[in-house]
Structures are given as structure tokens and as C-alpha cells.
Amino acid sequence: MPAWYSKGSGAMARGRGRGRWLLSTRLLNVCLAALCRGGSLALAESVLVDAIRLGLPPDVVTYNTLLAAHCRAAGLEAGLAVMRRMREAGVEPDAVTYNSLIAGASRRGLPIHALDLFDEMLQAGIAPDSWSYNALMHCLFRSGHPEDAYGVFADMAEKGIAPCSTTYNTLLDGMFRAGYAMNAYRMFRYLQRAGLPVGIVTYNTMINGLCRLGKVGYARMVLSELGRTDHAPNVVTYTAVMKCCFRYGRFEQGLDTFLSLLDKGYISDAFPYCTVISAFVKKGRMEEANTYCDLMIKNGSRLDSACYNTLIHLRCQEGKLDDAFELVSMMEDGGLESDEYTFAILVNGLCKMGHIEAAEKQLCYMEMRGMHYNVVAYNCLVDALCKLQEVDAAIRLLQCMKLKDDFTYTSLVHGLCRVGRYHMASKFLRICLREGNNVLASAKRAVIAGLRSSGFKNDLRKVRVALNMAKLLRP
DNA sequence: GTAGGGTTAG
């Protein structure tokens, strides 16, 4: 050992040594974070292998970075695999590790997993921070458990963890999703009055929530209020506005919004492209949809599963099923999972091309993969059977569906009316109303007109009573 | 490492 090293300054030298390692691990982490952000996960993994080979020790931040990226790209399982790897390497998970996993569970709509992870965290003696509570609350709201989400908020207050702007924004978003638009609106006003944090995310949450629930007048008001503040509207604001235009039949206005974003170079990711592509697909303007697909790909931002779903939907609607399935393989080979949207899009595409058996197989495959019950995919098949006048097959399918909604019954009621089975249609309409569901006004009109023309007076009376009852009971 | 915008069916 050289004299300068041992000469009374061992601690300092070791300290300096440790400092050097810290710096290098930090550099490694920065490098991995950049690679993960750019979507080069495989490269990030190989950099980690090289670092370990060079004797550079990865720390908890290294693993947390990789874990978050894997979780985002391939789901919770992939994140859990990284946690196992870090434990094997002797690095113990911390609050950040668990927060990322809970966020991963949230993205996949897995509230039970999120709750289990939160418990596991407590068991391991890792104190949850405000991010843990925010992520858990977010997961519960998004998966349709608003009461439990409020419970988490109360728990947070009880533990003395101060809510931050994210907490309030998550609450606002959750209220909208649970259908409590007015409560959200009141809370927004309360935040303003009380001087609590109200930023661009808050405004965007309000505008989007109001638009989604059809309260376009209120949304306009909040948007013009935003114009009078110091907060600049951003690409998120405009994407929400665009979507609202498309939804309420103002196609040209939506397209103009998109084009001005494009013109000013504001489009930094694929979100606005997906909105405008699917609006073109809905209009049947496939050529323009393809033009913007090319632009989106050329734009160079990483394509995630929602982008792939948009492209797959376009191919399906063009009748190019082989290309659509090719895209599914491409996304899965790239480490992205197909999700409930992918399956609904495929089932819909198969039905549209008349491949009913293949659509049924796709539904079975979905169950085999252990995916969540997919009401949209089932509705596509119900609708296709009705359109083919196979209403008995549609009824059989409906009877084994775990969950039915307005779409299910609208398709069936329309289908039954189309083949002149008005008595059966009125029966299902009443079942639907009794279950708290509803059908489109056009379906109600079809049943009433049919019953009237074929002289089913008793059924007509029962349907009218049921419709009036439902109207009284609805908020 | 958490919050806001995008993708499916009548």
C-alpha cells in the first residue's frame, strides 16, 4: 500500500474512495434514467451488466429507475421481477420502489395488487410517503372504488401526512370519474378561495373532467378563466379541447386546433396524433388517418400501447386484418402488452369482417390470458350477432355475460326490433331499466313504435311505466 | 418514483 494512502488519513482516503464510487453510481443512474426515458430498456439493461462487470455497484436508485421503466412498458409483473433481482443483489427496496409498483398496479387497473403492495410496505417497516398515498388513491379512483379512495385520503390526514397539489388534483380527477362533477367543481372553487395550490394540471383536470361529462359550458368557463391567469395552457389543455370538439361534432374546429399545434411545433408526444387519427377513422377518412399515422411515426416519439391500438384500429377498419395482427405481434415483440383496448379493437374488427367464430376465439383467448372481464369486446360480438339477425345467439351470449351495460342492451333491443320481435324487445328493455341501465332514445322509440303497430297494448303500458319510473329514479 | 391530455362498442 502506498505511503500517501495509509499515512494517517485512512478515513479520508476511504471517504474519498467511497465518494468516487458514489459519483460513478450516480453517473450510472443518470445514464440509465436517460436510456429508460428514451425507451431503450434493453440498452439500459446491458449498461447495467457492463457496470456490474466493471465492479460498479448498482444501488437502490439504479434498481428503482429500471423498475419504473419495466413497470411502465410491460406491466406490474415486470416491475416485481426487478424487485426480486434487487433483493438477490442485496439491495433492499425502499418507499420509491413500492410507490413505482403501486403506480404500475394503477396503470393496469389492479386495485387489489396496489392495496397488497401498500400493506407489504407497512409490514416491511417502510413508511409510506405522500406519493404512496397519492398513487394508491389514484388507483382506487381509476378502478371505480371512490369510497375506498376517500378512505385513503382520510387515512393520510389521520397519519399527519400533508396533502400536496397532486393529492388535490387526484381527488378532483377521481370525483369526475365517480360522476360527482358538481362536487369537483365546488372543491375547485374551494381550493382557489383557500389559496391552496391551483396550477395548470388542476385547470386541465377540470376542463377534461367537465368535457367528458358533457358539461361543455362549464368547461368553456374554466378555459376562459385559465386565459386570465398566469398559467399558460399547454398541449394537454389543447388535446382535451380537441377531443371535446371531435366528440360533440365540431370536427373542423378540432382539426384546426391540431393543425395549429402542429404548426407551432407544440406537439411533443403521440397523444394529439392518436386523438386526431381516431377522429379521422371514425369519419371513415382513412387516407388522412394514414397521413397522420406516418407523421406520428416520423415524429420519433416512442410508440406505446395506446399508439399501437390506434394503428391496429385503423388497419381493422380498413379491413386489413392481417396487417392488424402483424402490428399486435410487433408491439408484443417490442415488450409492450396488448390490453383491453387491443382485444376490443380486434374483436370488433373480426366481427366487422364477418369472422364471428374467430371473434369468439379471441374472447376465449382473452379469458385464458387471465385478463379482466372485457364488456366492450362482448358488446361488439352482441352487436355483430344482432346485425346478422342472429338474435337468439345474441341472447344466449348476453345471458352468460358477467356485466352488461347501456351498449349491450341498445344493441339487443335494436336487433330484436329489426326482426319484429317487439314483445321480447320490451322484456329486455324493462330488465335493462330495472338493472339501472339505459338504452339510446332511438331504441326506446323503436320498441314503442313496434309495440304500437303490432297492437301489444299491455306491453306498451308496462314499458311506459318502466320508462317513467327510471326517469324518476335517475339523478 | 406520484397527479392532467391520447386508443374500443350501441
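Reminder, nothing fancy here: chain letters follow the sequence lines and each chain counts from 1. Everything numeric here is computed off the predicted structure, so don't read it as measured data.
Listed by first then second residue, pairs satisfying salt bridge (Lys or Arg N to Asp or Glu O under 4.0 Å) with a partner in residues 256-267 of chain A number zero, not counting sequence neighbours. Residue pairs satisfying the side chain to side chain donor-acceptor pair (under 3.5 Å) criterion with at least one member in residues 342-364 of chain A, sequence neighbours excluded, are listed as follows: A:Asn309-A:Thr342, A:Gln317-A:Lys352, A:Asp339-A:Thr342. Residue pairs that meet the salt bridge (Lys or Arg N to Asp or Glu O under 4.0 Å) test with at least one member in residues 377-386 of chain A, sequence neighbours left out, are A:Asp383-A:Lys387.
Between the A:Ser106 side chain and the A:Ile102 main chain, no donor and acceptor come within less than 3.5 Å of each other. Judged by distance alone, with hydrogens and angles left aside, the side-chain atoms of A:Asn99 form no donor-acceptor pair with the main-chain N or O of A:Trp131 at under 3.5 Å.
Taking every heavy atom of residues 292-311 of chain A and every atom of DNA chain B, pairs under 4.0 Å involve A:Asp304, A:Ala306, A:Cys307, A:Asn309, A:Thr310, by number. Contact check of residues 393-405 of chain A against DNA chain B (heavy atom, cut-off under 4.0 Å) returns A:Asp405. DNA chain B lies under 4.0 Å from at least one heavy atom of each of the following residues of residues 203-211 of chain A: A:Asn204, A:Thr205, A:Asn208.
Residues meeting the side-chain contact (heavy atoms from CB on, under 4.5 Å) test with A:Leu196, sequence neighbours left out: A:Tyr168, A:Tyr190, A:Leu191, A:Ala194. Under the side-chain contact (heavy atoms from CB on, under 4.5 Å) criterion, A:Ser278 pairs with no residue at all, not counting sequence neighbours. Residues passing the side-chain contact (heavy atoms from CB on, under 4.5 Å) test with A:Glu92 are A:Arg87, sequence neighbours excluded. The side-chain contact (heavy atoms from CB on, under 4.5 Å) test applied to A:Arg212 returns A:Asp173, A:Phe176, A:Arg177, A:Asn208, A:Arg247, not counting sequence neighbours.
In summary, the aromatic rings of A:Tyr292 and A:Phe280 are positioned with their centroids under 6.0 Å apart.
Across all strands shown, A:Arg177 has heavy atoms under 4.0 Å from sugar-phosphate atoms exclusively, and none from any base. Note on A:Ala68: only backbone sugar-phosphate atoms sit closer than 4.0 angstrom, heavy atoms only; bases stay farther off.
Put simply, chain A comes within 4.0 Å of DNA chain B, heavy atom to any atom, from B:dG1 to B:dG10, going 5' to 3'.
Cation-pi geometry between A:Lys404 and A:Tyr409 is not met: the NZ or CZ atom fails to fall both under 6.0 Å from the ring centre and inside 45° of the normal.
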Show me, pair by pair, the donor-acceptor contacts under 3.5 angstrom made by side chains of residues 235-245 of chain A, not counting sequence neighbours?
unit_1, atom_1, unit_2, atom_2, d
A:Thr237, OG1, A:Asn204, OD1, 2.8
A:Thr237, OG1, A:Asn234, N, 2.9
A:Thr237, OG1, A:Asn234, O, 3.3
A:Thr237, OG1, A:Asn234, OD1, 3.0
A:Thr239, OG1, A:Val235, O, 2.6

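Atom CG of A:Asp230 sits in a sparse spot, with 12 or fewer heavy atoms from other residues, nucleotides or ligands closer than 6.0 Å.
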